[in-house]
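Along the sequence shown, residues carry numbers from 1. All values below come from the heavy atoms of this structure, side chains included, with hydrogens, waters and symmetry mates left out.
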Amino acid sequence: MTHRIAIAPSGFKESLSAARVAEAIAAGVRRVAPDAELDLIPLVDGGEGTAKALALAGGGRLVPVTATGPVGDPVASHFALLGGPGPLTAVVEMAAVAGLALVPPDRRHPGATTTYGVGELIRAALDAGARRILVGCGDSGTSDGGAGALQALGARLTDRHGRELRPGGGSLHELEHIDASGLDPRLADADLLVACNPYNVLCGKRGVARVFGPQKGATPAEVELLSAGLERLAAVLTRDLAPALAPPSGDPVDLRTAPGTGASGGLGAGLASVGARLLPRYDVLLDGLDLDARLARADFVITAEGALDHQTVRGKIPAEVARRARAAGVPVLVLAGTIGPGAQDVRAVGVDAYSAILPAPMTLGEAIGRSGEFLADATERAMRIMALGTRLAPVTPGVRAAA
């Protein structure tokens, strides 16, 4: 019997793209089941590789841009212009200009990093004629609430003395006023969409500074400073940019706790304040992949991510794949670079089994450098275990199990 296997992974951050992860898993499958029918579906979540993946899928192209990186230095970045009918659509991948991978390890201070380059990419997309701009959120190295992006788009954020705020979330507690008179007027005619994780909110107990600040290098004291700054930003944005916060429904956006406002260190809230629509990322990013039908055609699904832990069920790709596969009655295996606390929670959303890929303790550098090799080997091991399980399955009386 020929097995039909859907391979639908995310990328491994700072290591392998989703496409390369899918290829490594496929290599491991073929060692055990060379005749298997494989459907490779590399997936993106708005983070690293999103612009390139959507450009390839939509007959588009990447446009190179030099922009301001998260620590203030120029970086070689890009956005995508997509093909197809309708208004010209651009994809701005915030990770390509403000991602954690662009922040040197010794400069990982989220109180100082900026999303200024994201605003520059949005302006470059407008210059290119785009009237529909999709901003992918994920893998950020910032926690400035999108303040830098707003400044690049023409807004002035000032303290009580009328001085422009310093870059980064560490100065937001000093914010007194936002002058939107200099905002790029083309924003009013553009459809700005933010593909974000709806679980991420700006403020409160689950606010983005508290959840993700430590991962970006913040100390406990810095987390509290960032949280206070984002609270202040939400209040001033709501007061000074109120007209932009009223969608056609007339219901105002709560920049503190609305779904997605905490995306990419609060970039979601900053862009929502100038009229962007915050949308669940998979509703936007998986459009056109026919993912549900492709999963339903499979006998089982293999997905993967760099770390499997308590955050996985809060909008990560393996959880999304598992939910969709469960609806079709298809079992799911997850391969992960590391297994952390809370990984067992993924069983509740449809994951049948999961496994780490590292064969032995090693340095982070070695793990990253050999992740493709380890993925293929781990896939082979999993396939052999599944083959053994099939041979040991109960046999119908009168029918001999295949050798």
Side-chain angles (χ1 to χ4, degrees), residues 65-75 77 92 94 97-99 102-103 107-127 135 140-188 192 202-203 208-209 213 216-218 222 224-245 255-256 261-276:
V65 179
T66 298
T68 303
V71 297
D73 300 328
V75 297
S77 188
V92 169
M94 83 84 59
V97 71
L102 296 174
V103 183
R107 299 181 70 180
R108 292 191 172 176
H109 307 297
T113 50
T114 178
T115 55
Y116 196 91
V118 178
E120 291 179 316
L121 290 188
I122 292 173
R123 294 189 75 155
L126 291 169
D127 290 342
V135 180
S140 71
T142 57
S143 192
D144 72 350
L150 293 177
Q151 290 172 317
L153 291 168
R156 293 190 69 244
L157 282 68
T158 55
D159 63 15
R160 63 189 181 93
H161 301 292
R163 298 174 299 204
E164 194 84 18
L165 290 190
R166 303 182 310 278
S171 66
L172 290 177
H173 67 285
E174 302 172 359
L175 179 63
E176 182 64 30
H177 179 63
I178 299 176
D179 179 2
S181 62
L183 277 173
D184 193 316
R186 296 174 296 179
L187 289 171
L192 191 58
L202 188 67
C203 303
V208 67
K216 299 174 184 179
E222 289 170 335
E224 294 308 311
L225 180 66
L226 290 171
S227 295
L230 293 174
E231 289 274 5
R232 180 60 183 165
L233 176 66
V236 178
L237 284 173
T238 301
R239 182 194 69 199
D240 293 352
L241 298 182
L245 297 179
L255 292 182
R256 295 184 67 257
T261 51
S264 290
L267 176 65
L271 294 181
S273 73
V274 293

*asked:* So which atom in Pro110 and which in Gly213 form the shortest heavy-atom distance, rounded to 0.1 Å?
replied: CG-O, 4.2 Å
*Which distance, rounded to the nearest 0.5 Å, do you find between the CG of Leu172 and the CG of Leu157?*
7.5 Å
*To the nearest 0.5 Å, what is the distance between SG (Cys203) and CG (Leu255)?*
8.5 Å
*Any donor-acceptor pair under 3.5 Å from Thr158 side chain to Arg163 backbone*: no
_Nearest heavy-atom neighbours spanning Gly148 and Thr114_ = CA-OG1, 3.6 Å
*Quick one: pull up OG in Ser273 and CD1 in Ile178 and give me the separation to the nearest 0.5 Å.*
6.5 Å
*If we only count heavy atoms from C-beta on, is the Arg160 to His177 side-chain gap below 4.5 Å?*
no
*Taking all heavy atoms of Arg107 and all of Val71, pick out the closest pair and write down the distance.*
NH2-O, 3.6 Å
*Thr142 and Lys216: side-chain donor and acceptor closer than 3.5 Å?*
no
*Of all the heavy-atom pairs spanning Pro70 and Gly99, show the shortest one and how long it is.*
CG-O, 4.0 Å
*Does any N or O in the side chain of Thr113 come within less than 3.5 Å of the main-chain N or O of Gly141, such that one atom is a donor and the other an acceptor?*
yes
*Is any side-chain heavy atom of Leu126 less than 4.5 Å from a side-chain heavy atom of Leu187?*
yes
_Residues which pass side chain to side chain donor-acceptor pair (under 3.5 Å) with Thr115, listed by chain and number, not counting sequence neighbours_ = Asp144
*Is the closest side-chain heavy-atom distance between Glu164 and Arg156 below 4.5 Å?*
yes
*Decide yes or no on side-chain contact (heavy atoms from CB on, under 4.5 Å) for Thr66 and Val75, but give the supporting numbers first.*
CA-CA 6 Å; Thr66 298; Val75 297; over 6 Å; no
*Could you pull out all residues at least two apart from Thr68 that satisfy side chain to side chain donor-acceptor pair (under 3.5 Å)?*
Glu120
*Taking C-beta and beyond as the side chain, do Glu174 and Arg166 meet within less than 4.5 Å on heavy atoms?*
yes
*asked:* Using side-chain heavy atoms (C-beta onward) and a distance below 4.5 Å, is Leu267 in contact with Val135?
replied: yes
_The single option from Val97, Val65, Leu121, Leu192 passing side-chain contact (heavy atoms from CB on, under 4.5 Å) against Val92_ = Leu121
*For Met94 and Val118, work out which heavy atoms get closest and say how close.*
CB-CG2, 3.9 Å
_Let's go through Leu153 and Arg123 carefully: what are the C-alpha distance in whole Å and the side-chain angles of both, what is the deciding distance for side-chain contact (heavy atoms from CB on, under 4.5 Å) to 0.1 Å, and is it a yes or a no?_
CA-CA 7 Å; Leu153 291 168; Arg123 294 189 75 155; 3.5 Å; yes
Please output the side-chain donor-acceptor pairs of residues 230-237 that fall under 3.5 Å, not counting sequence neighbours, one pair per line with the distance.
{"unit_1": "Glu231", "atom_1": "OE1", "unit_2": "Arg256", "atom_2": "NE", "d": "2.8"}
{"unit_1": "Glu231", "atom_1": "OE1", "unit_2": "Arg256", "atom_2": "NH2", "d": "3.4"}
{"unit_1": "Glu231", "atom_1": "OE2", "unit_2": "Arg256", "atom_2": "NH2", "d": "2.9"}
{"unit_1": "Arg232", "atom_1": "NE", "unit_2": "Leu175", "atom_2": "O", "d": "2.7"}
{"unit_1": "Arg232", "atom_1": "NH2", "unit_2": "Leu175", "atom_2": "O", "d": "3.2"}
{"unit_1": "Arg232", "atom_1": "NH2", "unit_2": "Glu176", "atom_2": "OE1", "d": "3.4"}

*Shortest non-hydrogen contact between Ser140 and Gly265, atoms and distance*: OG-N, 3.8 Å
